[in-house]
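Structure first, commentary second.
Chain identifiers are assigned alphabetically (A, B, ...) following the order of the sequence lines, protein sequences preceding nucleic acid strands; residue numbering begins at 1 within each chain.
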Number of protein chains: 2
Amino acid sequence: MALKSFIEVHPDSHFPIQNLPYGVFKPQPGSSPRPGVAIGDYVLDLSEIASAALFHGPLLNNSDCFHQPNLNKFVSLGRPAWKEARATLQKLLSATEPTLRDNATLREKSLVPMSRVELLLPVQIGDYTDFFSSLHHTKNCGLIFRGPQNPVLENWYHLPVAYHGRASSVVISGTDIVRPRGQAHPTPGSPPYFGPSRKLDFELEMATIVGPGNDLGKPVDINNAADHIFGVVLMNDWSARDIQAWEYIPLGPFLGKNFGTTISPWIVTLEALEPFACEAPKQDPPPLPYLTEKVSKNYDVALEVHIKPAEHEKPSVVTRSNLKHLYWTLTQQLAHHTINGCNLRPGDLLGTGTISGPVRLNILCSLEF
Amino acid sequence: MALKSFIEVHPDSHFPIQNLPYGVFKPQPGSSPRPGVAIGDYVLDLSEIASAALFHGPLLNNSDCFHQPNLNKFVSLGRPAWKEARATLQKLLSATEPTLRDNATLREKSLVPMSRVELLLPVQIGDYTDFFSSLHHTKNCGLIFRGPQNPVLENWYHLPVAYHGRASSVVISGTDIVRPRGQAHPTPGSPPYFGPSRKLDFELEMATIVGPGNDLGKPVDINNAADHIFGVVLMNDWSARDIQAWEYIPLGPFLGKNFGTTISPWIVTLEALEPFACEAPKQDPPPLPYLTEKVSKNYDVALEVHIKPAEHEKPSVVTRSNLKHLYWTLTQQLAHHTINGCNLRPGDLLGTGTISGPVRLNILCSLEF
């Protein structure tokens with residue numbers, strides 16, 4: 001029988017006791033930011049749970065990681081600490097455990113209605129990298145930018161192509177994004193014009209939150225890469241296509257992207273995703289040894305984009321896809337990122353790139369419409 | 001008559017009282033990092049000067065900005081505070097001022113021989129951006145990558161082309177860089193191979209250290225951009241040309257660059273550079289209004305690259321150039337970076353791109369040899 005919480009969780013909720021995603025929140029406008037997990041319609045305040053000395057395990061009982069304004073310290077501790085926290089919290093929230101269930105004072109202090117809290121960026125992001133790992137998206141972009149002769153470049157099948165994005169402008173879901181102004185150049189030969197972007201677009205991605213990371217000059221082995229992934233967030237890689245098209249050759253996207261990137265407030269852990277693990281697509285040509293994994297995993301996570309124009313009453317679903325369509329896995333992305341010695345730090349953000357599926361409805365950014 | 005310090009400064013020193021660049025150092029291996037300025041063969045410990053209440057001015061007398069482990073707080077204060085600090089320090093160090101000169105105890109505490117200190121990164125770098133602003137370098141790269149038909153792309157004359165680099169791997173001068181491993185693909189049609197880079201290269205640049213910065217969605221006006229530049233550092237944008245050539249299309253440089261970027265420990269302020277200001281090159285076509293400056297300045301700063309192979313006893317000068325050869329000015333770079341609403345934060349690093357001059361000897365990276 002599935003584990004149940006003493007907290008009532010609606011069957012449609014994204015936050016059953018099996019999930020327990022991590023975030024950072026303020027219980028009240030004046031409070032200091034602190035880590036929490038989502039459970040049903042509540043946020044469990046981990047600073048209160050830590051203050052009540054309920055993290056008994058050997059790795060967390062003396063840690064101040066839940067008395068921080070972000071999750072960086074917790075994610076730096078690594079998988080054994082993450083497992084210990086998850087076990088503690090699942091037990092504490094389960095229907096059969098009296099510690100929190102029967103302690104009204106502690107419940108009052110530690111369980112905050114989600115409708116009341118202010119959610120913040122869950123981690124301080126040192127660096128943000130965006131990959132380009134969906135074959136279908138790559139083909140679609142290639143068709144648009146280069147035509148049908150050469151939609152996928154030769155290097156794409158050999159390495160997870162990526163570029164560095166802007167960390168300062170990563171914001172939490174719900175933050176307003178100002179329509180960027182910039183140069184565009186719709187007509188070859190004529191001078192560029194300046195103005196608000198006319199081609200503002202979204203890209204639905206997921207993104208890895210890096211755990212312990214690695215020292216400069218010390219790559220992460222592909223078969224240890226999963227231990228450096230704390231979890232994943234949803235991401236919208238806002239893109240101004242007109243600005244991007246004019247600026248991006250030869251050094252890649254810059255002002256067409258860095259005016260804002262939105263991530264979800266909740267980090268879903270790899271532990272919570274494990275029941276949804278599935279085989280990654282077969283790679284042909286086979287990857288070089290440093291990218292060859294003993295187990296090559298994707299995750300079956302259904303993704304949807306809803307858009308609500310101002311004049312509409314309800315949002316419409318404009319696309320559906322799935323995280324399982326990634327060609328390069330999250331672990332291959334991470335191992336590739338470090339193979340040259342580049343150091344990742346706790347809390348770094350690694351976007352997957354737009355995840356498009358094999359059928360037309362699954363195309364996840366309107367560039368491809 | 002030129003201002004003189006009571007500290008003897010060799011005429012060849014880079015650190016006369018007219019310069020006073022800022023850095024961060026540990027006076028002894030166990031000490032905490034603190035800000036300092038270089039003067040002759042000494043570092044003046046600004047935490048000691050602040051503790052002695054010698055920053056009398058209205059903006060700094062109650063500030064803890066010199067009791068920080070980096071310069072981020074000081075650079076965030078803006079130009080009036082920077083001018084106040086400079087005036088205080090130039091007076092304190094001048095030959096005619098007894099306060100420090102005649103106080104043996106304070107001299108002992110605050111003046112540390114440079115040979116003894118450990119220098120650290122002067123700022124915590126939130127984001128690192130690299131521009132591509134030297135016309136001569138751009139032409140040379142274009143000739144190599146695309147041939148003589150089309151050496152400079154059309155967009156280059158209209159905007160300061162740039163890409164995001166990696167902040168985590170920016171290190172202080174003197175830090176060992178491990179030769180990166182990665183994929184390369186010297187022969188079209190054959191599969192790529194994996195191994196240590198065979199084409200490790202340098203790029204001599206300078207880089208802006210951002211001051212106060214701007215909020216997301218609020219661009220910096222071009223004519224206020226100088227007030228967001230605290231100063232400049234020297235920079236070596238290490239590049240693995242074989243890795244870069246294979247990976248960089250279509251999203252720009254990634255593993256070919258992010259294994260390490262070296263900056264100088266000392267930030268030379270714009271105030272100190274002012275005597276070396278010169279007119280920037282005339283831009284044709286004229287830039288769009290948001291990039292048009294009332295005063296368009298470059299700085300006459302002679303640059304040299306010396307290389308010492310392990311088997312040689314002495315370094316050789318391999319190139320000479322000058323910061324004045326930048327086509328896009330530092331202020332144009334900064335204003336362009338924010339025009340779409342992208343936010344800069346105190347301590348951000350904006351590289352100029354390789355600065356090559358008009359004659360062959362001035363080519364500053366060996367890509368161009």
Side-chain angles (χ1 to χ4, degrees), chain A residues 126-127 129-130 132 141 145 153-155 158-159 161-169 171 175-178 180-183 185 188 191-192 194 197 216-219 240 243 246-256 258-260 285 288-290 336-337 339-345 348, chain B residues 126-127 129-130 132 141 145 153-155 158-159 161-169 171 175-178 180-183 185 188 191-192 194 197 216-219 240 243 246-256 258-260 285 288-290 336-337 339-345 348:
Chain A
D127 280 287
T129 299
D130 202 15
F132 189 48
C141 288
F145 283 121
L153 295 163
E154 194 184 356
N155 61 5
H158 293 280
L159 53 85
V161 169
Y163 66 100
H164 288 296
R166 181 89 193 164
S168 71
S169 54
V171 295
T175 307
D176 284 343
I177 298 287
V178 177
R181 295 181 303 158
Q183 294 190 30
H185 187 249
F194 175 81
S197 171
L216 191 60
K218 310 268 188 204
I243 297 173
W246 172 231
E247 74 175 357
Y248 91 105
I249 294 176
L251 298 180
F254 184 56
L255 299 188
N258 67 14
F259 57 91
L288 281 162
Y290 82 92
H336 180 67
H337 203 319
I339 188 61
N340 68 340
C342 179
N343 55 329
L344 302 179
R345 294 177 294 189
D348 281 353
Chain B
D127 280 287
T129 299
D130 202 15
F132 188 50
C141 289
F145 282 121
L153 294 163
E154 194 185 355
N155 61 4
H158 293 280
L159 52 83
V161 169
Y163 66 100
H164 288 296
R166 181 88 193 165
S168 71
S169 54
V171 296
T175 307
D176 283 344
I177 298 287
V178 177
R181 295 182 303 158
Q183 294 190 30
H185 186 249
F194 175 81
S197 171
L216 191 60
K218 310 268 189 204
I243 297 173
W246 172 231
E247 75 175 356
Y248 93 105
I249 294 178
L251 297 181
F254 184 56
L255 299 188
N258 67 13
F259 58 91
L288 280 161
Y290 82 91
H336 180 67
H337 203 319
I339 188 62
N340 67 341
C342 179
N343 56 329
L344 302 179
R345 294 177 294 189
D348 282 353

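- Within the 4.5 angstrom heavy-atom criterion, only side-chain atoms of B:Leu288, from C-beta onward, approach chain A.
- Of the two parts of A:Ser197, neither the backbone nor the side chain holds a non-hydrogen atom closer than 4.5 Å to a non-hydrogen atom of chain B.
- Between chain A and the residues B:Ile243, B:Leu159, B:Ile177, the largest count of heavy-atom pairs under 4.5 Å involves B:Leu159.
- Contacts between A:Leu153 and chain B at a heavy-atom distance below 4.5 Å involve the side chain alone, from C-beta outward.
- Heavy-atom pairs under 4.5 Å with chain A peak, among B:Gly256, B:Pro289, B:Gly165, B:Gly217, at B:Gly165.
- A:Ile339 places none of its side-chain heavy atoms less than 4.5 Å from the side chain of B:Gln183.
- When heavy atoms are compared at a cutoff of 4.5 Å, B:Pro219 approaches chain A solely by way of its side chain, counted from C-beta outward.
- For B:Tyr163 and A:Tyr163, the ring centers are positioned 6.0 Å apart or more.
- With ring centers used as reference points, B:His164 lies under 6.0 Å from A:Phe254.
- Judged purely by atom type and a 3.5 angstrom limit, B:Asp127 uses its side chain to pair as donor or acceptor with the backbone of A:Ser168.
- Among the candidates B:Gly341, B:Pro250, B:Gly260, the residue making the largest number of heavy-atom pairs closer than 4.5 Å to chain A is B:Pro250.
- Top candidate by heavy-atom pairs under 4.5 Å with chain A, chosen from B:Val161, B:Asn340, B:Thr129, is B:Asn340.
- Side-chain contact between B:Lys218 and A:Val178 is absent, with no heavy atoms from C-beta onward closer than 4.5 Å.
- Between chain B and the residues A:Pro285, A:Pro253, A:Gly182, the largest count of heavy-atom pairs under 4.5 Å involves A:Pro253.
- Within the 4.5 Å cutoff, no side-chain heavy atoms of A:Glu247 are placed close to those of B:His158.
- Each of A:Leu255, A:Leu344, A:Ile249 has some count of heavy-atom pairs under 4.5 Å with chain B, and the biggest count is that of A:Leu255.
- When the side chain to side chain contact (heavy atoms under 4.5 Å, CB included) test is applied to A:Leu216, the partners found at least two apart in sequence or on another chain are A:Asn343, B:Ser169, B:Val171.
- Contacts between A:Asp348 and chain B at a heavy-atom distance below 4.5 Å involve the side chain alone, from C-beta outward.
- Contacts with chain B were tallied for A:His336, A:His337, A:His185; A:His337 has the most, counting heavy-atom pairs under 4.5 Å.
- Annotation: salt bridge (charged side-chain N to carboxylate O under 4.0 Å, His left out) contacts of A:Arg181 (sequence neighbours excluded): none.
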